[in-house]
Amino acid sequence: MGNKSLMSLTFKPLLTFVLGTVGLGIGAAPLGIHLASGEVPAPQVGTKASLKPVSAASADIPFHSLEFDSQAEQQILELANRSRRQAGAPPLTMDSGLSRAARVHAQAMLEAHQLSHQFNGESSLPQRLAAATQLQLDQEGENVALDMDPAEAEQHLMLSPPHRANLLNPAYNVVGMGVIRSGDRLYVVQDFGHALPNYSLPDIKERIAASVQHARRNTNAADLPRRDLASADDTACSMAHADKLATPAVHQLSERYTVLTFTSLHPETLPTGSEHAIASHNLRSFSIGACYARTETYPTGVYWVVLSLE
């Protein structure tokens with residue numbers, strides 16, 4: 001089988017909301033992280049080893065001078081897509097931004113002479129990917145490996161359940177590959193993601209409005225006229241700027257309306273628990289405010305939504 005080391009990381013999707021009915025709030029859930037080691041033990045993420053902080057190419061090894069193996073990166077992509085095709089999963093598309101992030105992390109592993117998903121001083125996977133691409137991602141995952149050549153790396157990854165799960169995950173549709181050669185070894189990084197459609201704010205509002213009407217029809221309530229408030233978008237953006245759902249602007253709005261505030265990347269799905277307020281037969285109209293932003297809590301971006309019911 002040859003000498004090899006593997007590590008995999010999966011970030012699961014998160015939907016957070018606050019039901020802000022006249023100031024009533026439900027807190028956000030924490031981001032779920034699953035870390036699985038490969039067949040050969042590797043240092044755990046966050047190990048307090050004697051490492052210099054890593055943020056990009058180090059000063060003593062210029063990024064442009066490193067021997068990144070683009071041919072091996074392409075070969076690993078082709079092998080991955082062959083395995084996905086055999087498993088009935090759609091092919092992955094190489095994204096240049098994700099590949100940049102993968103290459104920078106491959107260099108960090110080379111400098112540290114070990115495998116890890118996050119070195120001391122390095123950003124988390126979602127933060128690294130957000131800094132490298134403009135894609136809207138709601139799922140991320142990473143495989144890292146040290147192996148002899150692309151074919152053996154693919155074979156060993158496919159034999160390890162957590163790495164195989166990342167490689168064959170049908171939800172993933174984009175990937176970045178980073179391969180750097182060190183003697184007869186290859187440091188391999190695969191950064192996976194599920195990229196969402198790039199909706200405009202009017203599109204997002206239309207989809208949320210359709211979800212509102214659908215929720216009312218399910219309870220035999222009549223459709224509501226939509227009358228967007230002039231301050232709706234500014235209120236949504238106040239949440240994004242504060243990186244939280246409860247802001248003075250939201251509180252001010254809740255003095256006049258029943259206000260639901262939430263974050264989402266899937267406008268077709270309203271937050272669980274909002275059905276009762278939306279289905280009320282006493283309502284006369286509704287308004288939608290939305291703002292897209294990348295924040296510390298949501299480094300790859302999310303839509304901040306204010307739904308006001310009158």
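Numbers for residues simply follow the sequence, beginning at 1. In this text the structure is predicted, and so the values were computed from the model without any measurement.
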Over all heavy atoms of both residues, which pair between Val175 and Leu92 is shortest? Give the atoms and the distance, please.
CG1-CB, 3.9 Å

Salt bridge or not for Glu206 and Arg226, using N-O below 4.0 Å?
yes

Between Gln75 and Gln71, does any side-chain donor sit less than 3.5 Å from a side-chain acceptor?
no

Joint hydrophobic cluster, Met177 plus Leu79, side-chain heavy atoms closer than 4.5 Å
no

Above 12 or not: heavy atoms from other molecules or residues under 6.0 Å from NE2 of His276?
no

Please assess Arg128 against Glu122 for the test salt bridge (charged side-chain N to carboxylate O under 4.0 Å, His left out), listing each intermediate value before the final yes or no.
CA-CA 9 Å; Arg128 285 192 278 118; Glu122 187 182 28; 3.7 Å; yes

Any ion pair linking Arg185 and Asp149 (charged N to carboxylate O, less than 4.0 Å)?
no

Is it true that a side-chain atom of Ser200 and a backbone atom of Asp203 form a donor plus acceptor pair closer than 3.5 Å?
yes

If you take all heavy atoms of Ala153 and Asp147, which pair is closest and at what distance?
CA-OD2, 3.5 Å

NZ (Lys205) with more than 12 external heavy atoms under 6.0 Å:
yes

Side-chain donor/acceptor pairs under 3.5 Å, residues 301-310, sequence neighbours excluded:
unit_1: Tyr303; atom_1: OH; unit_2: Gln136; atom_2: NE2; d: 3.2
unit_1: Tyr303; atom_1: OH; unit_2: Tyr199; atom_2: O; d: 3.0
unit_1: Glu310; atom_1: OE1; unit_2: Ser285; atom_2: OG; d: 3.2
unit_1: Glu310; atom_1: OE2; unit_2: Arg284; atom_2: NH2; d: 3.2

Assess whether salt bridge (charged side-chain N to carboxylate O under 4.0 Å, His left out) is satisfied between Asp223 and Arg217, documenting all intermediate values.
CA-CA 7 Å; Asp223 285 359; Arg217 291 167 193 163; 2.7 Å; yes

Is it true that Arg85 and Glu78 have a side-chain N and a carboxylate O under 4.0 angstrom from each other?
no

How many angstroms lie between CD1 in Ile180 and CD in Glu111, if you round to the nearest 0.5 Å?
8.0 Å

Which residue pairs pass the salt bridge (Lys or Arg N to Asp or Glu O under 4.0 Å) test when at least one of the two sits in residues 266-276, sequence neighbours left out?
Arg207-Glu268

List for me each residue that meets side-chain contact (heavy atoms from CB on, under 4.5 Å) alongside Ala279, sequence neighbours excluded, and say none if there are none.
Thr219

Short side-chain to backbone donor-acceptor contact, Ser280 and Ala277, under 3.5 Å
no

Closest heavy-atom pair and its distance - Pro126, Pro299
CB-CG, 3.7 Å

So, do Arg103 and Val189 sit near enough that their side-chain heavy atoms are less than 4.5 Å apart?
no

Which atom names give the shortest non-hydrogen contact between Ala80 and Leu167, and what distance separates them?
CB-CD2, 3.9 Å

How close do Thr263 and Tyr298 get, counting heavy atoms only, and between which atoms?
OG1-OH, 3.0 Å

